[in-house]
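Shown next, in structure tokens, is the structure this report addresses.
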Amino acid sequence: MAADNDFVKEITKKSVDFSAWYVDVVRKAELADYSPMKGMMVIRPYGYEVWELLRDQLDRMFKETGHRNAYFPLFIPESFLQKEAEHVEGFAPEVAWVTSGGGEVLEERLAVRPTSEAIICSMYAKWVKSWRDLPLLYNQWANVVRWEKVTRLFLRTTEFLWQEGHTVHATAEEAEEETLRMLGIYRRLAEEYLAIPVVTGRKSDSEKFAGAVRTYAIEMLMPDGKALQAGTSHNLGQNFAKAFNIRYESREQKLEYAWQTSWGSTTRLVGALVMTHGDDSGLVLPPRVAPVQAVIVPISAGNWRETVLLHAQRLLDELKAAGVRAHLDDRDTFTPGWKYADWEMRGVPLRVEVGPKDIDKHQAVLVSRVDRKKSFVPWDGLAAEVKRQLEAIQGELYARALAFRDANTHDARSYAELRDAMAGGRGFIRCGWCGGRDCEAKVKADTSATIRVILDPPPPGFDACVACGGKAAHAVLFAKSY
RNA sequence: CGGGGCGUAGCGCAGCCUGGUCAGCGCGCCUGCCUUGGGAGCAGGAGGUCGGUAGUUCAAAUCUACUCGCCCCGACCA
């Protein structure tokens, strides 16, 4: 093997073939596997546990901001989908249709929801009567289906899990406020829990959600220099209210169309975690979303079940009592070295080793997944030290990802600079944009980069459009996207 | 949906060009002994309709056609 620390085998090197590495890690760490159904994956328990952890954080933040969960039907009658013109046009190409049921051909075919605006708005039209009913702040945890041509584990699958928030407000201002509030929650999830820095901002018209007035997104920069849209928040204005007749009577006794938002994030976030933090040894999970935060590996010797294991068990109890998601690997069929590699591949942030030597000294050995740095910690106060190190690892991972993002964010003052950047290591490219669709399309055609977000407030110094040289209306972030 | 690549045991692969002891290797798995501080050792053993279908042939993992799936690069999307 090439390097001293090259302990995990069977995984393609991240630096050699990023895509192959990604698939290897997802499958070897048992996050997910391919299913017999093309383009659809099975999320295995370990991967689902990661999803549950980040989902629980989102759910908590939703509830703290007054949102409630509800559930709407999987099927949407075609006529409902067609009520909002841009919406149906945007989604039609990737809708899966149900055309028969119970052995009979249906009179009207049913869409398997690609998103639920249509079915939810039809209900909102019934429920919203008065200004006193507003705001209506609902969220749904569900699966959706989009018939994608090309799929990738977690990043783009035919079926995926997500949450979709759908809110109704009395005024445009409240709707915009809600749209930005939820964007902020996505940012918090990404930065505080997933340890992934994001850029937030508004989408250009060509990139916005079908049927929205304004779309905002959080964008992450992946190690291969491509951007990943990791959460979107839409201000729907009155588009759907008018299409579905969602009206309320105001304080002034006037019948008004309501203002709406919708916002979503998906299991794609798990893929973002893998790509951002993983290394040649496999997965690296930020402690706050790691199903196992600390794994105890007993160093067995002689009748270890009567000696070492008892101490290991006691430490496990202590860690659990302190609120650490800890696991004791008491399998006797594997050597310690094998277990080290195994748990590293699964991304467990902290390893706790206990062996005969440690028992003599009343200590344990802590090893960080990030840099394999060892520390020898007395049993007394071990749980506190584990928690401290887990927080430190959380911070290190964020700092590392932020440093990468910053090192790969470049300014382009000319078209040549933009083209050079995209031809090289790619990354986030900041530049001026006149706001014209033609200029946006030209950049995409020449470099395959698209506007990820419009920067607000605009950083200074981007006065000219990178494509046409005309006066810039915005400073934008270009990148090639997933 | 275009261009390219790959499907052989749970995983990773060789064999294919030039059809004929090619059903093989490493890891893993099972049994036993012995071990255990970075994927231990020895001995024995189980496991595969060579992605699928149809052809060519005395004979197909190998040649041909079709088909399914996965990966990569583009166009479309969370």
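Values reported hereafter were calculated over all heavy atoms of this structure, with side chains retained and with hydrogens, waters and symmetry mates removed.
- Ranked by how close their nearest RNA chain B nucleotide is to the 5' end, A/Val23 and A/Thr232 are led by A/Val23.
- The side chain of A/Val365 lies closest to B/rG37 when the candidates are B/rA78, B/rG38, B/rG37.
- Geometrically, A/Lys374 does not engage A/Phe376 in a cation-pi contact defined by less than 6.0 Å to the ring centre and at most 45° from the axis.
- For the P atoms, the distance linking B/rG5 with B/rG47 amounts to 37 Å, nearest Å.
- Side-chain polar atoms of A/Thr450 and A/Glu440 form no donor-acceptor pair below 3.5 angstrom.
- Across all strands, A/Val144 comes closer than 4.0 Å to no nucleic acid atom at all (heavy-atom distances).
- Using a 4.0 Å heavy-atom criterion, one finds that A/Leu155 contacts the bases of the nucleic acid, with or without backbone contacts as well.
- Between the NE2 atom of A/His87 and the P atom of B/rA78 there is a distance of 12 Å, rounded to whole Å.
- In this structure, OH of A/Tyr482 is placed 16 Å from P of B/rA78, rounded to the nearest angstrom.
- Between the NZ atom of A/Lys149 and the P atom of B/rG3 there is a distance of 15 Å, rounded to whole Å.
- The nearest whole Å value for the distance from the CG atom in A/Asp17 to the C1' atom in B/rC73 is 12 Å.
- You'll find a donor-acceptor pair under 3.5 Å spanning the side chain of A/Arg156 and the base of B/rC77, going by distance alone.
- Looking at the side chain of A/Phe334, the nearest of the listed nucleotides B/rG38, B/rC29, B/rG74 is B/rC29.
- Between the side chains of A/Glu176 and A/Tyr216, a donor-acceptor pair is found at a separation under 3.5 Å.
- Closest to the side chain of A/Val367, out of B/rG74, B/rG38, B/rC76, is B/rG38.
- The listed nucleotides are B/rA78, B/rC77, B/rC11; the one nearest the side chain of A/Glu94 is B/rC77.
- Of the side-chain N and O atoms in A/Tyr34, one or more sit less than 4.0 angstrom from OP1 or OP2 of B/rC71.
- Base engagement by A/Asp358 is indicated by at least one non-hydrogen atom pair under 4.0 Å involving a base atom.
- RNA chain B is contacted by both A/Phe154 and A/Pro36; A/Pro36 maps to the nucleotide lying nearer its 5′ end (nearest heavy atom per residue).
- Listed nucleotides B/rG38, B/rA75, B/rA78 differ in distance to A/Glu344; the shortest reach to its side chain belongs to B/rG38.
- The residue A/Arg351 sits close to a base: some heavy atom pair falls under 4.0 Å.
- Looking at heavy-atom distances under 4.0 Å, A/Thr267 makes no contact with the nucleic acid at all.
- Here the nucleotide nearest the side chain of A/Lys357, chosen from B/rC71, B/rC11, B/rG37, is B/rG37.
- When the nucleotides B/rC77, B/rA78, B/rC29 are ranked by their closest atom to the side chain of A/Ser481, B/rC77 comes out on top.
- Between A/Lys442 and A/Asp438, none of the side-chain N atoms (NZ, or NE/NH1/NH2) sits under 4.0 Å from a carboxylate O, so this pair counts as no salt bridge.
- One side chain, A/Asp224 or A/Tyr482, offers a donor N or O that lies under 3.5 Å from an acceptor on the other.
- Inspection of the A/Thr179 and A/Arg181 side chains reveals no N or O donor paired with an N or O acceptor under 3.5 Å.
- Between B/rU49 and B/rG39, the two C1' atoms lie 35 Å apart (nearest whole Å).
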Taking Watson-Crick (N1-N3 plus N6-O4 or O6-N4) and G-U wobble (N1-O2, O6-N3), each under 3.5 Å, can you produce the dot-bracket string of RNA chain B? Use [ ] for crossing pairs and | for inter-strand ones.
((((((((.[[[[.)....(...]]]].(((((.......))))).....[[[[[..)....]]]]])))))))....
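- Checked for salt-bridge contact, A/Glu219 and A/Lys203 meet the test: a charged N lies under 4.0 Å from a carboxylate O.
- Cation-pi geometry between A/Arg314 and A/Trp379 is satisfied (NZ or CZ under 6.0 Å from the ring centre, within 45° of the ring normal).
- Of the candidate nucleotides B/rA78, B/rG37, B/rC71, B/rA78 has the atom nearest to the side chain of A/Arg146.
- Distance, A/Lys480 NZ to B/rC77 P: 13 Å, rounded to whole Å.
- Across B/rU31 and B/rU8, the matching P atoms stand 28 Å from one another, rounded to whole Å.
- Here the side chain of A/Glu148 is nearest to one of B/rA75, B/rC76, B/rG37, namely B/rC76.
- We find that CD of A/Glu353 is positioned 14 Å from C1' of B/rG39, with the value rounded to whole Å.
- Contact check on A/Arg346 versus A/Asp342 returns a salt bridge, with a Lys/Arg side-chain nitrogen under 4.0 Å from an Asp/Glu carboxylate oxygen.
- B/rA75 sits 22 Å from B/rG69 when the C1' atoms are compared, rounded to a whole Å.
- Phosphate proximity of B/rA40 to A/Thr335: present, with a side-chain N or O under 4.0 Å from OP1 or OP2.
- Backbone-only engagement by A/Gly39 is indicated by non-hydrogen atom pairs under 4.0 Å involving sugar-phosphate atoms exclusively.
- You'll find the ring centres of A/Phe72 and A/His166 outside the 6.0 Å limit.
- One can place CG of A/Asp280 at 18 Å from P of B/rG39, the figure rounded to the nearest angstrom.
- Rounded to whole Å, the P atom of B/rU36 lies 24 Å from the corresponding atom of B/rG44.
- Note on A/Lys444: only backbone sugar-phosphate atoms sit closer than 4.0 angstrom, heavy atoms only; bases stay farther off.
- Nucleotides B/rG12 and B/rC6 are separated by 16 Å at their P atoms, to the nearest Å.
- One atom, CH2 of A/Trp338, and another, P of B/rG37, lie 15 Å apart when rounded to the nearest Å.
- With C1' as the reference atom, B/rG45 and B/rA9 are 15 Å apart, rounded to whole Å.
- Looking at heavy-atom distances under 4.0 Å, A/Thr215 makes no contact with the nucleic acid at all.
- Candidate nucleotides B/rG74, B/rA78, B/rG69 were compared by shortest atom distance to the side chain of A/Lys38, and B/rG69 ranks first.
- Listed by first then second residue, pairs satisfying side chain to side chain donor-acceptor pair (under 3.5 Å) with a partner in residues 347-361 of chain A read A/Tyr340-A/Glu353, A/Glu344-A/Arg351, A/Arg351-A/Glu353, A/Asp358-A/Gln363, not counting sequence neighbours.
- Spacing between B/rU53 and B/rG41 at atom P, rounded to whole Å, works out to 40 Å.
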